[in-house]
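Here's the structure, in structure tokens; my notes come after.
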Amino acid sequence: MKKQVKEQLLKSAKYLVQVADSLEKLLKGLSNSAALDVLAQMQDLAIQIGNTIEDSEGSEHNTVKKLEAACEVLYQISCSLDEPETSKKPNVVAKTKKSMFLELKNLFASVKEEIEKNIQVKLEILFLPYQVSMWDSLESVWMAARDDESVEAYVVPIPFYDVLPDNSLGAIHYEGDKYPDYVPVTPYWQYSIENRQPDVIFFHDPYDEYNSITRIPEKYYSKNIKKYTDLLVYIPYFISEEGGPSDHMCYLPGVLFADRVVVQPGSIYEKYCKVYTDVVRQNGLEKVLVPAEKKFLPLGSPKFDKVLSTACTVEELPQEWQKVILKPDGSKKKVILYNLSIVPFLQSREQVIKKMDSVFSFFREHREELALLWRPHPLLLNTFDSMLPWLKEDYLKRVKQFKKEGWGIYDETPDPNLAIALSDGYYGDQSSLVTSYRELGKPILLQDVELLD
């Protein structure tokens, strides 16, 4: 249970104790209808407390049972309001009423004590990924939160739109059903950030409205979710090479609005600090935004944790993959991970298609010894739709032919780390996959799209 929720429950419980302490005297001065209204309000408040505790601690929690008992006593008191003040046995009636008021007071006092001593305060941490292929940038942090008994961790994948060439929004996508089985996913429509106000939010999409390929709904922009949490933490979905990312990545909205930004150490950390500080000074935001020395945490990237912990054997792979990877004698071919990124298409366009043909021709000829595992960037098709629509048909022809010929693997799985673990070498474009791949000490060859031989 969150700290502020427990504090509110205690405040409500104290109020009920105070009212119960003077309830007998209070009811004597009221009409029956006014007295019933007071009792009904007390019962409503007790039910609210009980529902909140039940949601957090379960229906079998002792405090819930005491609140149910208190509601029963309130009902008995309401029924007793019609009892005459004098009867043949006035002392019996008075004693019964007195015992009910005393029981109610003791129950509420006990509820207050139970809340104080037996309800544990937990930190509520929300993880807001959007594309499942980027989940590895948050996963190891989530695992640590999941294993901490003082934390309630929620993974809430959010939807995202395609961005069309005119910057309007196209189809909406949701990948919450693609996460690993060991990750319990909460649908975004069942988790209200505004109502729950988690203590900490982790996110990995820094663009807000400035993403030209895909875009998350406005309610999840960093500048908006910041209003509902004590600590907003941005972890980049990518890994940077030595020297850091391009300058604009250091002052995107997610960087500016986050309270903390987890980055790689060394020159990458230094670049974030320098570029961010320059932008803050140039715009006179020193008193508005968190200073660089407090904002940036040089703790590394969870993506490294994921790539180092992922392992696979041929036997665990789909049969279609095994047919490509295994030789007739059962031994394994050398597997080359072929990665196509977005930037070369934006820069060289049709030349990249020609380069693909050259690459496929080479590996087709050497398919007895080599298996090509082709993994294009997960946003490549979105990029064609929004920025290079005339290239999409030629590209998809290559995809269809590659799949039909069957001598290679077209990797559409959401997790890139399986391909990294399975392969023996990397060939393709410069991307964050290269930085991850280097951690394993496997050979890397970057392609030059201008060379077709």
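Quantities reported herein were computed from a predicted structural model and do not represent experimental measurements.
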Could you tell me whether the side chain of S358 and the main chain of L452 form a donor-acceptor pair under 3.5 Å? yes

Check for a donor-acceptor pair, side chain of S267 on one end and backbone N or O of G243 on the other, with a separation under 3.5 Å. yes

K274 atom NZ, over 12 foreign heavy atoms within 6.0 Å: no

Please determine whether a side-chain nitrogen of the Lys or Arg among D247 and K271 lies less than 4.0 Å from a carboxylate oxygen of the Asp or Glu. yes

For F202, does the six-membered ring have the charged nitrogen or CZ of R260 within the cation-pi criterion, i.e. under 6.0 angstrom from the centroid and within 45° of the normal? no

Pair K11 + E7, salt bridge at N-O below 4.0 Å: no

Is it true that a side-chain atom of N283 and a backbone atom of V279 form a donor plus acceptor pair closer than 3.5 Å? yes

Report yes or no: is the cationic atom of K442 (NZ for Lys, CZ for Arg) closer than 6.0 Å to the six-membered ring centre of Y437, at no more than 45° off its axis? yes

Kindly indicate whether the side chain of M143, heavy atoms from C-beta on, has any atom under 4.5 Å from the side chain of D305. no

Report yes or no: does Q322 contribute a side-chain atom to a donor-acceptor pair with the main-chain N or O of L317 at less than 3.5 Å? yes

Can a salt bridge be assigned to the pair E350 and K354 using a cut-off of 4.0 Å between side-chain N and carboxylate O? no

Mind checking whether W390 and F384 have ring centres under 6.0 Å apart? no

Among K332, K327, K334, K333, salt bridge (charged side-chain N to carboxylate O under 4.0 Å, His left out) partner for E369: K327

P159 to Y174 - nearest heavy-atom pair and separation: N-CD1, 4.3 Å

Are the side chains of E54 and H61 in touch, meaning some heavy atoms are under 4.5 Å apart? no

Just checking E393: does its CD atom have more than 12 heavy atoms from other residues, nucleotides or ligands closer to it than 6.0 angstrom? no

Distance (rounded to the nearest 0.5 Å) between Q430 CD and T435 OG1: 6.0 Å

Given the side-chain rings of W374 and Y427, with only the six-membered ring counted for Trp, is the space between their centroids under 6.0 Å? no

Only pairs at least two apart or in different chains count here, so list each salt bridge (charged side-chain N to carboxylate O under 4.0 Å, His left out) that has a residue in residues 279-300. none

Close aromatic pair by centroid cut-off 6.0 Å: Y276 and Y251: no

Distance from L10 atom CG to I115 atom CD1, nearest 0.5 Å? 5.5 Å

Atom pair NZ/CG of K3 and D230 - distance to nearest 0.5 Å: 9.5 Å

Not counting sequence neighbours, which residues clear side chain to side chain donor-acceptor pair (under 3.5 Å) with W407? List them please. E405

Candidate pair D415 and S133, rule side-chain contact (heavy atoms from CB on, under 4.5 Å), full reasoning: CA-CA 5 Å; D415 184 2; S133 61; over 6 Å; no

Any sub-3.5 Å donor-acceptor pair from K355's side-chain atoms to D448's backbone N or O? yes

Look at the aromatic rings of H204 and Y130 and report parallel, tilted or perpendicular, splitting at 30° and 60°. perpendicular

Closest contact, heavy atoms only, S423 versus I420: OG-O, 3.3 Å

Under 6.0 Å between ring centres: does that hold for Y191 and Y154? yes

Residue pair L126 / V200, side-chain heavy-atom distance below 4.5 Å: no

Work out which heavy atom in P245 is nearest to a heavy atom in C250; give both atom names and the distance. CG-SG, 4.1 Å

Residue of the set V359, L373, D429 for which side chain to side chain contact (heavy atoms under 4.5 Å, CB included) holds with Y338: V359

With sequence neighbours excluded, tell me which residues meet side chain to side chain donor-acceptor pair (under 3.5 Å) with E194. S192

Give a yes or no on whether D181 atom CG has more than 12 heavy-atom contacts from other residues, nucleotides or ligands under 6.0 Å away. no

The reported gap from CE in M42 to OG in S12 (rounded to nearest 0.5 angstrom) is 12.0 Å

State the CG-OG distance between N167 and S386, to the nearest 0.5 angstrom. 9.5 Å

Qualifying residues under side-chain contact (heavy atoms from CB on, under 4.5 Å), relative to D162, sequence neighbours excluded: A171, H173, N382

Donor-acceptor contact below 3.5 Å, side chain D259 vs main chain L232: yes

Are any non-hydrogen side-chain atoms of Q264 and S240 less than 4.5 angstrom apart? yes

Would you find a donor on one side and an acceptor on the other, under 3.5 Å apart, between the side chain of N339 and the backbone of L433? no

Sub-3.5 Å donor-acceptor pair from the side chain of T277 to the main-chain atoms of C273, do we have one? yes

For the residue pair N62 / N118, report whether a side-chain donor-acceptor contact shorter than 3.5 Å exists. no

Sub-4.5 Å side-chain heavy-atom contact between V255 and Y234: yes

CD of E114 to CD of E57, rounded to nearest 0.5 Å, is 11.0 Å

Tightest non-hydrogen contact, residues A258 and V261, listed as CB-CG2, 4.0 Å

If we only count heavy atoms from C-beta on, is the F203 to L138 side-chain gap below 4.5 Å? no

Main chain of K122, side chain of E152: is a donor-acceptor contact present, judged purely on distance under 3.5 Å? no

Output yes when R438 and E241 qualify as a salt bridge under the 4.0 Å nitrogen-oxygen rule, no when they do not. yes

Begin with the C-alpha distance, continue with both residues' side-chain angles, and end with the deciding distance and a verdict on side chain to side chain donor-acceptor pair (under 3.5 Å) for E139 and Y182. CA-CA 11 Å; E139 185 175 86; Y182 57 82; 2.9 Å; yes

Start with the C-alpha distance between D37 and Q41, add both sets of side-chain angles, then the distance that settles side chain to side chain donor-acceptor pair (under 3.5 Å), and finish with yes or no. CA-CA 6 Å; D37 187 53; Q41 290 181 40; 2.9 Å; yes

Go through T229 and I225 one step at a time and tell me if the side-chain contact (heavy atoms from CB on, under 4.5 Å) criterion holds. CA-CA 7 Å; T229 184; I225 60 176; 6.0 Å; no

side-chain contact (heavy atoms from CB on, under 4.5 Å) partners of K323, counting only residues at least two apart: none

Counting N and O atoms only, with roles assigned by atom type, does the side chain of K14 sit under 3.5 Å from a partner on the main chain of K112, one being a donor and the other an acceptor? no

Could you check if a side-chain atom of L297 sits within less than 4.5 angstrom of a side-chain atom of Y269, using non-hydrogen atoms only? no

Would S137 and K303 satisfy side chain to side chain donor-acceptor pair (under 3.5 Å), going step by step from the backbone distance to the final call? CA-CA 5 Å; S137 64; K303 292 176 75 70; 5.9 Å; no

Would you check if I49 and T63 make a side-chain contact, meaning some heavy-atom pair closer than 4.5 Å? no

Would you call R375 and E412 a salt bridge, using N to O less than 4.0 angstrom? no

Check side-chain contact (heavy atoms from CB on, under 4.5 Å) between K223 and all other residues, then give those that pass, not counting sequence neighbours. D208, E209, Y221, F257

